[in-house]
There are 2 protein chains.
Amino acid sequence: MSYKDKKVITIGMVSELTGLTERKIRYYEERKLVFPERTPGGTRKYSFLDVERLIDIANKMEDGMQTFEIRKMEQKQLRKKEVRDRMLRGQLNAAFNLRK
Amino acid sequence: MSYKDKKVITIGMVSELTGLTERKIRYYEERKLVFPERTPGGTRKYSFLDVERLIDIANKMEDGMQTFEIRKMEQKQLRKKEVRDRMLRGQLNAAFNLRK
DNA sequence: CGTGTAAGGAATTCTGACACG
DNA sequence: CGTGTAAGGAATTCTGACACG
């Protein structure tokens with residue numbers, strides 16, 4: 001994976017990068033919206049992608065959306081993406097089979 | 001700048017990513033080979049570019065190079081790069097002037 | 001439900017120094 | 001010169017709980 005996906009940022013930096021309090025960031029994890037890794041000592045580690053996701057979450061919260069709605073929305077988009085990927089792969093396979 | 005240049009990684013993670021001890025990482029800073037930023041509290045923050053640079057430094061150290069040699073070598077490469085950039089910019093300007 | 005806060009403890013990092021070679 | 005280590009302190013993070021609404 002790219003640097004964007006490497007979980008290397010502590011919660012203090014994430015707080016600075018997103019403008020969110022640490023309390024909020026931990027709460028969104030409790031609500032299954034972000035999934036940091038942990039050091040052996042238990043310290044949370046986030047990726048830049050997590051930072052982007054948190055900013056997106058913050059915007060949706062400002063719009064009055066609730067955490068469970070955001071979670072469902074993300075799951076829905078994930079499923080859409082999977083469908084798209086499957087179709088794309090199918091077309092690529094079809095094109096490939098025509099060639100041989 | 002890109003994510004690669006954002007100083008967000010603590011020394012513990014850098015140690016893990018590079019395989020270097022924290023002692024070595026701090027020493028290479030003392031010898032002016034890397035330049036982390038600091039939080040208000042004084043904690044060092046590195047970028048992925050710093051991590052790459054440290055891996056490069058580690059390789060050169062293994063080859064028996066000394067810190068001051070590595071520093072000079074990097075300065076030399078920086079100057080070369082500046083010359084290249086200046087030439088490139090000059091050629092672009094020339095091409096642009098021909099057009100108008 | 002979402003978030004602030006005080007509490008106590010544990011993990012992380014910092015500096016300056018001594019040691020060895 | 002480059003690096004390990006023990007020392008003491010400070011900054012950072014963690015969890016569980018109480019509070020408010």
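The chains referred to below are lettered A, B, ... by the order of the sequence lines, with proteins before strands, and numbering in each begins at 1.
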Notebook entry, point to check: Would B/Arg26 and B/Glu22 satisfy salt bridge (Lys or Arg N to Asp or Glu O under 4.0 Å), going step by step from the backbone distance to the final call?
Noted result: CA-CA 6 Å; B/Arg26 292 196 192 97; B/Glu22 300 185 8; 3.1 Å; yes
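Listed by chain and number, the residues in a side chain to side chain contact (heavy atoms under 4.5 Å, CB included) with B/Met65 are B/Lys60, B/Glu69, B/Ile70, B/Met73 (sequence neighbours excluded). For the side-chain hydrogen bond (donor to acceptor under 3.5 Å, both in side chains) test, no residue two or more places apart in sequence or in another chain qualifies with B/Thr18. The side-chain hydrogen bond (donor to acceptor under 3.5 Å, both in side chains) check on A/Lys4 picks up A/Glu52, with sequence neighbours excluded. With sequence neighbours excluded, no residue forms a salt bridge (charged side-chain N to carboxylate O under 4.0 Å, His left out) with B/Lys72. With sequence neighbours excluded, no residue forms a salt bridge (charged side-chain N to carboxylate O under 4.0 Å, His left out) with B/Lys6. When the side-chain hydrogen bond (donor to acceptor under 3.5 Å, both in side chains) test is applied to A/Arg53, no partner is found at least two apart in sequence or on another chain. Qualifying side-chain hydrogen bond (donor to acceptor under 3.5 Å, both in side chains) partners for A/Lys24, counting only residues two or more places apart in sequence or in other chains: none.
Residue B/Leu54 contributes atom CG, which lies 12 Å from atom P of D/dT3 at whole-angstrom precision. Rounded to whole Å, the distance from CG on B/Leu20 to P on D/dT3 is 9 Å. For the pair B/Glu22 CD and D/dA6 P, the interatomic distance rounds to 14 Å; values are reported in whole Å.
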Show me the donor-acceptor pairs, under 3.5 Å and distance only, between side chains in residues 76-85 of chain B and residues at least two apart or in other chains.
from    : atom 1 : to      : atom 2 : distance (Å)
B/Lys81 : NZ     : B/Asp85 : OD2    : 3.2

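Which of C/dT13, D/dT5, D/dA17 sits closest to the side chain of A/Arg23 comes down to D/dA17.
Remark: A/Arg26, A/Arg38, A/Gly42 in residues 25-42 of chain A come within less than 4.0 Å of DNA chain D through at least one heavy atom. For the contact set between residues 60-78 of chain B and DNA chain D, defined by any heavy atom under 4.0 Å, the members are B/Met61, B/Gln66, B/Thr67.
A/Thr21 has no side-chain polar atom (N or O) that falls below the 4.0 Å cut-off from OP1 or OP2 of C/dT3. A close approach under 4.0 Å does not occur between any side-chain nitrogen or oxygen of B/Thr43 and OP1 or OP2 of C/dT12. For B/Arg44, no side-chain nitrogen or oxygen approaches OP1 or OP2 of C/dT13 to under 4.0 Å.
With the 3.5 Å cutoff on both pairing distances, Watson-Crick and G-U pairs in DNA chain D assemble into runs of at least 3 at C:2-5 with D:17-20, C:17-20 with D:2-5.
Listed by first then second residue, pairs satisfying ring-ring contact (aromatic ring centres under 6.0 Å, His included) with a partner in residues 23-70 of chain B read A/Tyr3-B/Phe48, not counting sequence neighbours.
Under the 4.5 Å side-chain heavy-atom criterion for grouping Ile, Leu, Val, Met, Phe, Trp and Tyr, B/Leu20 is connected to B/Leu17 within one hydrophobic cluster.
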